[in-house]
Amino acid sequence: QQQVKQSPQSLIVQKGGISIINCAYENTAFDYFPWYQQFPGKGPALLIAIRPDVSEKKEGRFTISFNKSAKQFSLHIMDSQPGDSATYFCAARDYRGSTLGRLYFGRGTQLTVWP
Amino acid sequence: EPEVTQTPSHQVTQMGQEVILRCVPISNHLYFYWYRQILGQKVEFLVSFYNNEISEKSEIFDDQFSVERPDGSNFTLKIRSTKLEDSAMYFCASRESSGNTIYFGEGSWLTVV
């Protein structure tokens with residue numbers, strides 16, 4: 001069962017363009033939604049995160065839009081740069097199993113930004 | 001910036017052999033995790049650990065897996081008898097008890113042949 005669905009699987013954007021990656025979930029117990037960026041051979045690194053009581057969060061060129069009623073959230077990368085080329089994972093946290101919580105990841109989006 | 005460090009970065013082992021993957025979490029973090037990523041697939045939760053006890057484990061974390069904090073700094077994942085399907089990148093992660101951010105290490109790539 002796929003807890004977090006992510007699309008598209010791959011995305012090609014021209015330098016300066018907007019990259020948009022979408023995620024959807026079913027589990028209403030999720031309480032925290034981070035986005036991770038992963039470069040080849042490296043571990044996932046937190047990019048930006050949002051709680052479900054907020055509809056939008058912006059940090060520099062990165063914005064999360066969150067639609068609680070639709071159970072969807074998306075990452076927008078403005079003015080995309082070649083250095084943004086990486087794999088992006090959305091994730092959602094569930095605390096029901098333990099107070100440490102566990103993350104459920106989407107399948108990832110391979111972003112390529114052409115110069 | 002403090003980071004989670006993992007060793008080895010890559011290990012090749014024969015099927016049926018035992019493997020120990022090692023991690024040094026960020027020093028003031030109390031919550032520890034192992035995740036894995038099979039090549040080309042999503043990152044999956046294995047186990048969480050706090051106060052020398054497993055807090056939660058996934059259906060992947062069967063009797064072949066165990067975790068331990070043998071001293072004040074290391075956190076280990078042991079696979080008792082490796083199978084071909086255990087080939088994956090294993091990520092250690094940690095976070096502060098009061099924070100939300102989970103910090104991941106660079107991973108240990110395990111190849112079972």
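Small disclaimer: the values here were computed from a predicted structure and weren't measured. In the text below, chain A, chain B and the rest are named by the order of the sequence lines, each starting its count at 1.
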Which residues in residues 65-91 of chain A have a heavy atom less than 4.5 Å from any heavy atom of chain B?
A:Phe89
Aromatic ring proximity A:Tyr36/B:Phe104, centre distance under 6.0 Å:
yes
Heavy-atom closest contact (B:Ser55 atom, A:Leu100 atom, distance)
OG-CD1, 3.5 Å
Measure distances from A:Pro34 to the heavy atoms of chain B and classify the residue's part below 4.5 Å as side chain, backbone, both or neither.
neither
Would you mind checking which part of A:Gln38 comes under 4.5 Å of any heavy atom in chain B, side chain (CB onward), backbone (N, CA, C, O), both or neither?
side chain
Can you pull out the residues in residues 86-98 of chain B with any heavy atom less than 4.5 Å from chain A?
B:Phe91, B:Arg95
Counting heavy-atom pairs under 4.5 Å with chain B, the top scorer among A:Gly101, A:Ala49, A:Gly41 is A:Gly101
Are there over 12 heavy-atom neighbours, none belonging to [X], within less than 6.0 Å of that residue's [atom1]?
X: B:Lys83; atom1: NZ; value: yes
X: B:Asn28; atom1: CG; value: yes
X: B:Glu85; atom1: CD; value: yes
X: B:Leu84; atom1: CG; value: yes

Using the side chain to side chain contact (heavy atoms under 4.5 Å, CB included) rule, take B:Phe45 and A:Asp94 through it: C-alpha gap first, then chi angles, then the decisive distance, then the call.
CA-CA 11 Å; B:Phe45 170 81; A:Asp94 188 342; over 6 Å; no
Spell out, yes or no, whether [X] and [Y] are grouped together once hydrophobic residues are joined by side-chain heavy atoms under 4.5 Å, including indirect joins.
X: A:Ile50; Y: A:Leu47; result: yes
X: B:Tyr33; Y: B:Tyr50; result: yes
X: B:Tyr103; Y: B:Phe32; result: no
X: B:Val112; Y: B:Leu39; result: no
X: A:Tyr32; Y: B:Val43; result: yes

Most contact-rich option vs chain A, by heavy-atom pairs under 4.5 angstrom, among B:Glu56, B:Glu106, B:Gln37, is B:Glu56
Taking the side chain as C-beta and beyond, is there a heavy-atom pair between [X] and [Y] under 4.5 Å?
X: B:Ile102; Y: A:Arg93; result: no
X: A:Arg102; Y: B:Ser58; result: yes
X: A:Gln6; Y: B:Lys42; result: no

B:Phe49 side, atom CZ; A:Ser98 side, atom OG - distance, nearest 0.5 Å:
12.5 Å
Spell out, as yes or no, whether a donor-acceptor pair under 3.5 Å connects the side chain of B:Tyr35 to the backbone of A:Leu103.
yes
